[in-house]
Every structure is written in structure tokens, then in C-alpha cells.
Amino acid sequence: MSYKKLLTVQDISCVGQCSLTVALPILSAAGHETCILPSAVLSTHTAGFTGFTFRDLTEDMPAIMAHWKKENIAFDAIYTGYLGSTGQIAYVKEMLQTLGKETFTSFVDPAMADGGKLYPAFDAAFVEAMKTLAFSADFILPNITEACFLTGAEYRESYDRAYIDGLLARLTDAGAKTVILTGVSYGEKTTGVAVWDGKTHEYYEHRKIPKNSHGTGDVYASAFVGAYLKGKSAYDAAGIAAEYTVRCIENTINDASHWYGVKFEPQLPFFMQQLA
Ligand code: PXL
């Protein structure tokens, strides 16, 4: 059994079932020691709530890193998600360069956009900085919108396989190593994930639920990282994460009061069974 020590850097949205409140339980359920570094603390996430608080933790990062280095703390993997500021990205890049063990894997979810638009907190300068982080990582897990922002490609609501092939090629040209492109849908009832290492394009297709659910990108990325670090291939980890995420959405969709995230907790046993 592989037991990895990993660091995940993303925000704490105290309420809202996304980022660290999702990543920590999922990665723990996968059986990994999960260390955290909050990029920011928010009262809720920023999608659908108004008047949320936001405390950026960028200033704390140099001292946290220095302490870890003094204690000789090193990680098998680092997985980054929603970050707190443009300036913070330089520190996160430094973590990828200096806090890894000899054998080390980095995963960057460039969590900054969806549905053709940047999230409210981000701007063009953040996108430029995110490019430098994303293209230094072993794995990136963008959705189509994020892939477009990372490459300058035109965002399209409807597309074909040639468009996706073009997007993947642009990511490789820009420096991406392995790409897990989420939300790639070629039919009304199906959607899926493209797994691309610069040479081979594999596609994992699964049923599509006709509703956008918040936080599912974080559920997906966390499950992918957990499964991959368990020794699954990128394609198998992509499939395991997809089946788990679909179950979480199906388990939530009929509860109108639960609009802000998905009930991922009751499905953790299913996720763990898939890893066994
Ligand atoms: O799930 C991505 C995410 C994470 N954290 C915060 C967010 C969002 C998406 O909107 O607002 C604070």
C-alpha cells in the first residue's frame, strides 16, 4: 500500500463544500497524509453567496515555507487549487521547486474560471502568473474555460473532437506535461475527461447530469490526485474520479436547499472501494 505525504495549497471556504474542506477528506480517504496550506480564508465560496469575507494569506507563506525547510519537511506531491493572489503564485512555484522529495509529483488545478469567464477575484495578471505555475507542473487539471485562458484559444460552448485536439496541442506547445481536461462533452447525455500526455489522447466518457454543481472541480481533482498517488494510471485515476464525482452530484441534485456544493461525504466509501 502506498502512503504518500502530500501538501495541498488552496483556500478554506469555511462554508460551501469546495477547496480544502473537500480536498482534505477526500485525500485522507484515499489513504494519504494530507498537509495543508490555506491560500486564503473566506466565510463562504464566491459563487452564489454575496458579502463573503476574504483574508489573503500570501504574507504568511514565506515564514511557513522557511519553518518547513528548517524542519526538513518534504513532500511526495504538491497539489494546488484556488489561490489567494497573483503575488502568491511565486511562493507556490517556489514550493514546487524546493519542498519536494527526490521523487516528487506536482498537480496544478488552475482553478480560476468556468463557463467562459474568470471567477470574480481574478484578472489578466493572475492568468499570466498562473500560466507560469501550470506549465511547470507534472499534471494540470483545467476545465475547457481554463485551458482557453491558459492558451489564448477561443472559448466555445459547442465544439468537436478537432477543437479539443487543438486545445490539447496548444497546452503542450505552451509547456504542459500531462493534461487532464475536464468537462469535455460530445453528446447531450454524456460528458467526459480527456487525458493527454503530449502524445496520446485518451478519453473517459461518462453520463452527464443536466445541472452545474459547485465545487465539483475540486471533488474531481482531489479524487484524481488521491487515486493517482495510490498507483493508478492517469487514465484509471481520471475514470475513478469521474465515477465518484458523478455519484456525488446524483446524490445532491434532488435537494434544492443544497445548491452551494455536493454531498460528497456519503460517497466516500464508494471512492475507497474503487481504489481497493
Ligand atoms: O471550486 C473553486 C472555488 C474555490 N474556492 C473559492 C471559489 C471557487 C469557485 O468559485 O469561489 C473561494
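Both counts, for ligands and for their atoms, begin at 1 and track the order of listing. Note: hydrogens, waters and symmetry copies are ignored here, and every other heavy atom, side chains too, is used.
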*Could you say whether the N/O atoms of T46 and ligand 1 ever approach to under 3.5 Å?*
yes
*asked:* Using the rule salt bridge (charged side-chain N to carboxylate O under 4.0 Å, His left out), only one of K230, K101, K4 pairs with D76; which is it?
replied: K101
*Taking the six-membered ring for Trp and the full ring for Phe, Tyr or His, determine whether the centres of F107 and Y79 are under 6.0 Å apart.*
no
*Decide yes or no on ring pair (Phe, Tyr, Trp, His ring centres under 6.0 Å) for Y186 and Y203, but give the supporting numbers first.*
CA-CA 11 Å; Y186 298 119; Y203 181 63; 5.2 Å; yes
_Q10 to ligand 1, any heavy atom closer than 4.0 Å_ = no
*Would you call K131-E128 a salt bridge at under 4.0 Å N-O?*
yes
*Tell me which part of S13 gets within contact of ligand 1: side chain, backbone, both or neither, using heavy atoms under 4.0 Å.*
side chain
*asked:* Is it the case that ligand 1 has an N or O less than 3.5 angstrom from some N or O of D218?
replied: yes
*asked:* Show, in sequence, the C-alpha distance, side-chain angles and deciding distance for L37 and I64, and conclude whether the side-chain contact (heavy atoms from CB on, under 4.5 Å) test is met.
replied: CA-CA 9 Å; L37 178 42; I64 291 172; 3.6 Å; yes
*Nitrogen or oxygen atoms of D11 and ligand 1 under 3.5 Å apart*: yes
_Can you report which non-hydrogen protein atom sits closest to atom 9 (C) of ligand 1, along with the distance?_
H214 CE1, 3.3 Å
*Could you find the nearest protein heavy atom to atom 3 (C) of ligand 1 and give me its residue, atom name and distance?*
Y82 CD1, 3.5 Å
_Atom indices of ligand 1 within 4.0 angstrom of S19 heavy atoms, with elements_ = 4 (C), 5 (N)
*Do the side chain of H32 and the main chain of G226 share a donor and acceptor less than 3.5 angstrom apart?*
yes
